[in-house]
Peer 1: 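One structure coming up, written as structure tokens, with questions to follow.
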Amino acid sequence: MNIILFGPPGAGKGTQAKYLVKKLENIQISTGDMLRDEIKKESEIGKRIISYMNDGKFVDDEIVNKIIKKIIFDPKKKDKLIFDGYPRTLEQAKNLDLWLSESEQKIDFIFFLNVKKDIIIQRIKKRKIIEKRSDDELDIILKRYDTYMETTKPVLEYYSSKPNFTEFDGSLKIDEITSKINNFLKV
Ligand code: AMP
């Protein structure tokens with residue numbers, strides 16, 4: 001089963017992805033984590049990534065798509081994909097459709113975790129203390145939210161008309177969201 005977790009930064013996509021990975025024995029595809037790994041490696045590409053990230057901007061589609069393509073065409077990962085933070089642009093969503101069909105896969109469910117800006121800010125401020133992410137400073141959070149709203153709106157429009165799209169209230173507590181997702185999936 002392939003699932004997309006969709007929603008603004010701080011919506012809880014990563015947290016819910018981890019539960020789904022355990023439950024379904026799937027693999028979490030977090031582009032944010034993968035990009036942070038590149039930064040840790042101090043590679044040339046990592047240096048480009050950090051400048052986008054610390055500016056609250058999306059990383060270039062070219063870099064992100066390269067990472068994702070490799071995963072989609074990996075036979076060991078086939079039909080085990082939990083996308084967390086991808087796709088974020090319409091171009092990425094269209095590329096994903098193309099690569100999934102080329103690899104004879106489909107998206108079974110798109111889960112939209114909808115959360116308002118004030119709750120997101122509170123959550124990310126808390127996460128900053130625990131995880132110490134360099135892009136969790138308040139001004140960067142606000143930029144990330146604005147970038148999300150601008151760039152991701154067409155993606156939301158693209159997915160929301162599909163029959164496999166479901167919206168969840170992302171402002172609920174973590175376990176409440178998890179149980180709503182579990183009930184929905186009947187797992
Ligand atoms: P996240 O961990 O999902 O909140 O992502 C952290 C940052 O990584 C984002 O603010 C972007 O700069 C970058 N990023 C993650 N996923 C993507 C993506 N699919 N496309 C472009 N940039 C991304």
Side-chain angles (χ1 to χ4, degrees), residues 2-21 27-72 77 81-100 107 110-117 119-159 170 174 177:
N2 294 323
I3 297 174
I4 296 177
L5 288 164
F6 189 71
K13 302 183 294 290
T15 308
Q16 298 304 329
K18 286 187 177 69
Y19 283 113
L20 286 167
V21 161
I27 297 152
Q28 181 182 4
I29 317 296
S30 161
T31 38
D33 284 350
M34 289 173 198
L35 294 168
R36 280 185 285 276
D37 282 348
E38 284 298 327
I39 294 176
K40 269 192 221 135
K41 280 193 237 157
E42 294 183 353
S43 60
E44 267 316 303
I45 218 167
K47 283 179 203 151
R48 269 171 69 196
I49 293 169
I50 202 163
S51 68
Y52 285 107
M53 266 199 192
N54 283 349
D55 225 5
K57 289 187 189 141
F58 283 175
V59 173
D60 209 20
D61 272 357
E62 187 198 325
I63 299 174
V64 179
N65 286 340
K66 211 169 159 184
I67 297 176
I68 287 288
K69 195 173 176 189
K70 220 167 134 185
I71 295 167
I72 295 175
K77 298 184 175 147
L81 310 170
I82 307 285
F83 291 99
D84 153 22
Y86 182 94
R88 264 171 149 106
T89 65
L90 197 54
E91 203 201 332
Q92 289 179 3
K94 291 189 172 165
N95 274 332
L96 178 62
D97 280 352
L98 180 75
W99 292 331
L100 286 174
I107 292 297
I110 302 152
F111 293 153
F112 174 45
L113 303 180
N114 197 2
V115 197
K116 294 212 174 68
K117 191 173 181 173
I119 296 183
I120 288 170
I121 293 170
Q122 283 170 24
R123 282 188 185 166
I124 300 189
K125 274 187 186 164
K126 265 195 216 156
R127 181 169 77 186
K128 182 177 183 271
I129 299 166
I130 302 163
E131 292 181 20
K132 298 190 178 66
R133 269 175 55 166
S134 63
D135 59 347
D136 277 347
E137 296 293 339
L138 186 59
D139 57 334
I140 302 176
I141 298 170
L142 295 174
K143 262 200 198 158
R144 283 168 61 201
Y145 185 83
D146 292 341
T147 308
Y148 165 82
M149 288 310 273
E150 274 165 39
T151 327
T152 318
K153 221 172 153 200
V155 187
L156 183 58
E157 281 162 12
Y158 180 67
Y159 283 137
I174 291 172
I177 304 173

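Indexing begins at 1, ligand by ligand and atom by atom, following the structure's order. Values reported hereafter were calculated over all heavy atoms of this structure, with side chains retained and with hydrogens, waters and symmetry mates removed.
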Peer 1: To the nearest 0.5 Å, what is the distance between CE on Met53 and CD1 on Ile140?
Peer 2: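 Met53 CE to Ile140 CD1: 11.0 Å, rounded to 0.5 Å.
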
Peer 1: Considering the heavy atoms of Lys57, write down every atom of ligand 1 situated less than 4.0 Å from one of them.
Peer 2: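 Every atom of ligand 1 under 4.0 Å from some heavy atom of Lys57: 11 (C), 12 (O).
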
Peer 1: Within a distance under 4.0 Å of any heavy atom of Gly85, pick out the atoms of ligand 1 and give their elements.
Peer 2: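 Going through ligand 1 atom by atom, the ones under 4.0 Å from Gly85 are 16 (N), 17 (C), 18 (C), 19 (N).
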
Peer 1: Any salt bridge linking Lys94 with Asp97? Criterion: basic side-chain nitrogen under 4.0 Å from a carboxylate oxygen.
Peer 2: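 Asp97 and Lys94: not salt-bridged.
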
Peer 1: Heavy-atom count check: over 12 atoms from other residues, nucleotides or ligands less than 6.0 Å from Ile174 CD1?
Peer 2: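 12 or below, so no.
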
Peer 1: Going by the angle between their ring planes, with limits at 30° and 60°, are Phe6 and Tyr148 parallel, tilted or perpendicular?
Peer 2: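 Judged by the thresholds at 30° and 60°, the geometry between Phe6 and Tyr148 is tilted.
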
Peer 1: Near Glu42 CD, under 6.0 Å, is it more than 12 heavy atoms from other residues, nucleotides or ligands?
Peer 2: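 No - once you tally the heavy atoms of other residues, nucleotides and ligands closer than 6.0 Å, there are 12 at most.
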
Peer 1: Return a yes/no value for Asp33: is any of its N or O atoms, backbone included, closer than 3.5 angstrom to an N or O of ligand 1?
Peer 2: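 Such a contact does not occur with ligand 1.
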
Peer 1: So is Tyr52 touching ligand 1 or not, going by heavy atoms under 4.0 Å?
Peer 2: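 No, that is not the case, since the closest heavy atom of the residue is not under 4.0 Å from the ligand.
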
Peer 1: With heavy atoms of Thr31 as the reference, note each atom of ligand 1 found under 4.0 Å away.
Peer 2: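 Numbered from 1, ligand 1 contributes 15 (C), 16 (N), 17 (C), 18 (C), 19 (N).
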
Peer 1: To which of Met34, Glu131, Arg88 does the heavy atom nearest atom 9 (C) of ligand 1 belong?
Peer 2: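 Among Met34, Glu131, Arg88, the closest heavy atom to atom 9 (C) of ligand 1 comes from Arg88.
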
Peer 1: To the nearest 0.1 Å, how far is atom 22 (N) of ligand 1 from its closest protein heavy atom, and which atom is that?
Peer 2: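 Sorting protein heavy atoms by distance from atom 22 (N) of ligand 1 puts Val59 N, 2.9 Å first.
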
Peer 1: Indicate, as side chain, backbone, both or neither, the part of Asp61 found under 4.0 angstrom from ligand 1 when only non-hydrogen atoms are considered.
Peer 2: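 Near ligand 1, Asp61 shows nothing, with every heavy atom at 4.0 Å or more.
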
Peer 1: Pick, from Lys13, Gln92, Met53, the option with the minimum heavy-atom distance to atom 8 (O) of ligand 1.
Peer 2: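 Answer by nearest heavy atom: Met53.
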
Peer 1: For the CZ atom of Arg144 and the CD atom of Glu137, what is their distance to the nearest 0.5 Å?
Peer 2: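 Going from CZ on Arg144 over to CD on Glu137, the span is 11.0 Å.
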
Peer 1: Please confirm whether Arg144 comes within less than 3.5 Å of ligand 1 when only nitrogen or oxygen atoms on both sides are compared.
Peer 2: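 Yes; at least one N/O pair falls below 3.5 Å.
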
Peer 1: What's the spacing between Asp60 CG and Tyr52 OH if we round to 0.5 Å?
Peer 2: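 Rounded to the nearest 0.5 Å, the CG-OH separation comes to 3.5 Å.
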
Peer 1: Under 4.0 Å between a Lys/Arg side-chain N and an Asp/Glu carboxylate O for Asp146 and Lys143?
Peer 2: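 Here Asp146 does not pair with Lys143 in a salt bridge, since their nearest N and O are not under 4.0 Å apart.
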
Peer 1: Arg36 heavy atoms, cut-off 4.0 Å: which ligand 1 atoms fall inside?
Peer 2: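 Listed by number with element: 2 (O), 6 (C).
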
Peer 1: With heavy atoms of Leu35 as the reference, note each atom of ligand 1 found under 4.0 Å away.
Peer 2: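 Here the atoms of ligand 1 in question are 8 (O), 13 (C), 14 (N), 15 (C), 23 (C).
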
